[in-house]
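Here the structure is laid out as structure tokens; the discussion comes afterwards.
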2 protein chains.
Amino acid sequence: MNLSLDDIQQKFRGCGLKSTPQRTAIYRALVHSTAHPTAEDLFAQVSPTYPMLSLNTVYYTLGVLRKAGLVQEVNIGHDRARFDANLSPHHHVICLGCRTILDVMDPRLNRLTSPSGLPKDFEITNYQVAFRGYCGPCRRSPLLMAT
Amino acid sequence: MNLSLDDIQQKFRGCGLKSTPQRTAIYRALVHSTAHPTAEDLFAQVSPTYPMLSLNTVYYTLGVLRKAGLVQEVNIGHDRARFDANLSPHHHVICLGCRTILDVMDPRLNRLTSPSGLPKDFEITNYQVAFRGYCGPCRRSPLLMAT
DNA sequence: TCTTGTTTAGGAATCATTCCTATGTAGCAA
DNA sequence: TTGCTACATAGGAATGATTCCTAAACAAGA
Ligand SMILES: [Mn+2]
Ligand SMILES: [Mn+2]
Ligand SMILES: [Zn+2]
Ligand SMILES: [Zn+2]
């Protein structure tokens, strides 16, 4: 993941998106992260360089990028939304202790066939596997384990 | 799913849970549903028979039942929480139009092996496959399709 | 029956996200 | 280069699901 500012502007133009400093910075922070950050995480990361940045703009920008297909929302749990600029087909493993989300790129998981027992007229567009468990550090300090 | 009131009281006692009319009614409504209802759905369903019921109690009860292992939260999207009393290992298919959640019982999905590329000390406790797409009715009225 | 810890109802609080709106600006065309 | 216009931004208010708080009710065991 090493996109230059020019690459990003290129990408924005290709999608018919205006290129603004805030938008570029937010997308860049997301592309360079593998942590599946929240809107607030991104706000905290970009804020120092753009002190006027509003959290609202982060939400708006993420919405725009999502509609443009540059960003996906990772739907883990019903708590706060987390975002991912990694568009290659992949899956996730979530630590129930620290809520870390790791990418799972195992190609075997991308070859699941349509499941049996579906209504015939249901059309599946994609699927995602979510593994849950506890990472090493969280296993060693079980005090913090969530229910 | 045809649990009598006695069966439910039995089950509660087996888990060390007190048996109250509200708790029984809420669990019964959930057991008899395959719609993965929200707390408010359950409140609306049980309310007519218990006019004094508080939505708060529904949340509290669902929390108790979840901790007791009688109910699972189905983590689809980060919007409102939906609940499931079906404890047999199964997966879900979600219609992105009407947000319906259907059970997927295909046994092949319960035999996925641990994915490659995980940190060695990560311990996976379970996983869930979420298929997304559009059901027949939603495909035929694309006006309502969500982004 | 008495006691006690749990459960309930209802109201207030929280907090992520969305809505509203005035101002700013990117990108295009003259 | 300049001006226009639609889109973007900031900031404050509103929303809505969920949680917190507290007093009263009650299930279950002694
Ligand atoms: Mn990812
Ligand atoms: Mn289910
Ligand atoms: Zn962890
Ligand atoms: Zn549908």
Side-chain angles (χ1 to χ4, degrees), chain A residues 5-6 8-27 36-44 46-68 70-71 73-83 99 146-147, chain B residues 5-6 8-27 36-44 46-68 70-71 73-83 99 146-147:
Chain A
L5 289 180
D6 278 352
I8 290 179
Q9 293 200 354
Q10 197 94 24
K11 200 171 242 192
F12 283 173
R13 276 195 221 99
C15 299
L17 297 181
K18 283 189 187 172
S19 170
T20 72
Q22 294 94 329
R23 182 171 290 177
T24 305
I26 291 165
Y27 181 62
H36 307 85
T38 65
E40 203 136 9
D41 291 338
L42 291 167
F43 176 70
V46 175
S47 248
T49 359
Y50 293 90
M52 299 304 289
L53 180 69
S54 137
L55 178 56
N56 200 336
T57 300
V58 178
Y59 277 108
Y60 176 79
T61 300
L62 289 169
V64 167
L65 296 177
R66 183 165 48 74
K67 281 173 204 141
L70 293 180
V71 155
E73 210 175 305
V74 179
N75 289 320
I76 298 302
H78 72 289
D79 50 357
R80 56 178 100 177
R82 300 179 65 163
F83 296 88
R99 317 239 83 192
T147 311
Chain B
L5 289 179
D6 277 353
I8 291 179
Q9 294 200 353
Q10 197 93 25
K11 200 170 243 191
F12 284 173
R13 275 194 221 99
C15 300
L17 297 180
K18 284 190 186 172
S19 170
T20 72
Q22 295 94 328
R23 181 172 290 178
T24 306
I26 291 165
Y27 181 62
H36 307 85
T38 64
E40 201 135 10
D41 291 338
L42 291 167
F43 176 70
V46 175
S47 248
T49 1
Y50 293 90
M52 299 306 290
L53 181 69
S54 136
L55 177 58
N56 200 335
T57 300
V58 178
Y59 277 107
Y60 175 79
T61 300
L62 288 169
V64 168
L65 296 177
R66 183 166 49 73
K67 280 174 205 141
L70 293 180
V71 156
E73 212 175 306
V74 179
N75 290 320
I76 298 304
H78 72 288
D79 50 355
R80 54 177 100 176
R82 300 179 66 162
F83 297 87
R99 317 237 84 191
T147 310

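We name chains A, B, ... by the order of the sequence lines, and we start the count at 1 in each one.
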Roughly how far, to the nearest 0.5 Å, is [atom2] of [Y] from [atom1] of [X]?
X       : Y       : atom1 : atom2 : answer
B:Gln22 : B:Thr49 : CD    : OG1   : 11.0 Å
A:Phe83 : A:Tyr27 : CZ    : OH    : 14.0 Å
A:Lys18 : A:Arg23 : NZ    : CZ    : 8.5 Å

Using a 4.0 Å heavy-atom cut-off, does B:Ala39 contact any base of the nucleic acid, only the sugar-phosphate backbone, or nothing at all?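 Nothing: the residue B:Ala39, judged by heavy atoms under 4.0 Å, touches no strand.
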(message) Under 4.0 Å, counting only non-hydrogen atoms across every strand here, what does A:Thr38 touch: a base, just sugar-phosphate, or nothing?
(response)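 Here A:Thr38 touches no strand at all.
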By side chain to side chain contact (heavy atoms under 4.5 Å, CB included) - contacts of B:Asn56 (at least two apart)
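Result, side chain to side chain contact (heavy atoms under 4.5 Å, CB included) vs B:Asn56: B:Ser54.
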- Item | Validation row: A:Arg99, A:Arg80 side chains within 4.5 angstrom (heavy atoms) | no
Residue pair B:Lys11 / B:Leu70, side-chain heavy-atom distance below 4.5 Å: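 A side-chain contact under 4.5 Å exists here.
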What is the separation between atom [atom1] on [X] and atom [atom2] on [N], rounded to the nearest whole Å?
X       : N      : atom1 : atom2 : result
A:Asp79 : D:dT19 : CG    : C1'   : 14 Å
B:Arg82 : D:dA17 : CZ    : P     : 13 Å
A:Leu55 : D:dA8  : CG    : P     : 18 Å
A:Phe12 : D:dC7  : CZ    : P     : 17 Å
A:Arg23 : D:dA10 : CZ    : C1'   : 15 Å

*asked:* Pair A:Leu62, A:Leu42 - check side-chain contact (heavy atoms from CB on, under 4.5 Å), show working.
replied: CA-CA 10 Å; A:Leu62 289 169; A:Leu42 291 167; 4.0 Å; yes
Exercise for the section: Give a yes or no on whether A:Gln10 atom CD has more than 12 heavy-atom contacts from other residues, nucleotides or ligands under 6.0 Å away. Expected result: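 Counting neighbours around CD of A:Gln10, 12 or fewer heavy atoms of other residues, nucleotides or ligands fall under 6.0 Å, so no.
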Distance-minimising heavy-atom pair for [X] and [Y]:
X       : Y       : answer
B:Thr24 : B:Ser19 : OG1-OG, 3.7 Å
B:Arg82 : B:His36 : NE-O, 2.8 Å
A:Ala25 : A:Tyr50 : CB-CE1, 3.6 Å
B:Val64 : B:Leu17 : CG1-CD2, 3.6 Å

request  = Go through the steps to decide whether B:Thr20 and B:Thr61 satisfy the test side-chain contact (heavy atoms from CB on, under 4.5 Å), and finish with yes or no.
outcome  = CA-CA 10 Å; B:Thr20 72; B:Thr61 300; over 6 Å; no
Practice item. Taking only the side-chain nitrogens and oxygens of B:Arg80, find out if one of them lies under 4.0 Å from OP1 or OP2 of D:dT18. Key: no
Students should find that the end-to-end axis angle of the helix from C:dT1-D:dA30 to C:dA30-D:dT1, with five pairs defining each axis and rounding to 10 degrees, is 30°
Walking along DNA chain C from 5' to 3', note the first and the last nucleotide with an atom under 4.0 Å from a heavy atom of chain B, and give both.
->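 For DNA chain C, the relevant span reads C:dG5 to C:dT17.
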Residues passing the side-chain hydrogen bond (donor to acceptor under 3.5 Å, both in side chains) test with A:Thr38, sequence neighbours excluded, are A:Asp41
Sorted by position of nearest nucleotide on DNA chain C, 5' first, the leading residue of A:Phe83 and B:Gln22 is B:Gln22
Protein-proximity profile, nucleotides 21-30 of chain D, B/S/- by nucleotide at the 4.0 Å heavy-atom cutoff, equals B-----BS--
Residues in residues 46-54 of chain A with a heavy atom under 4.0 Å of DNA chain C, by number, are none
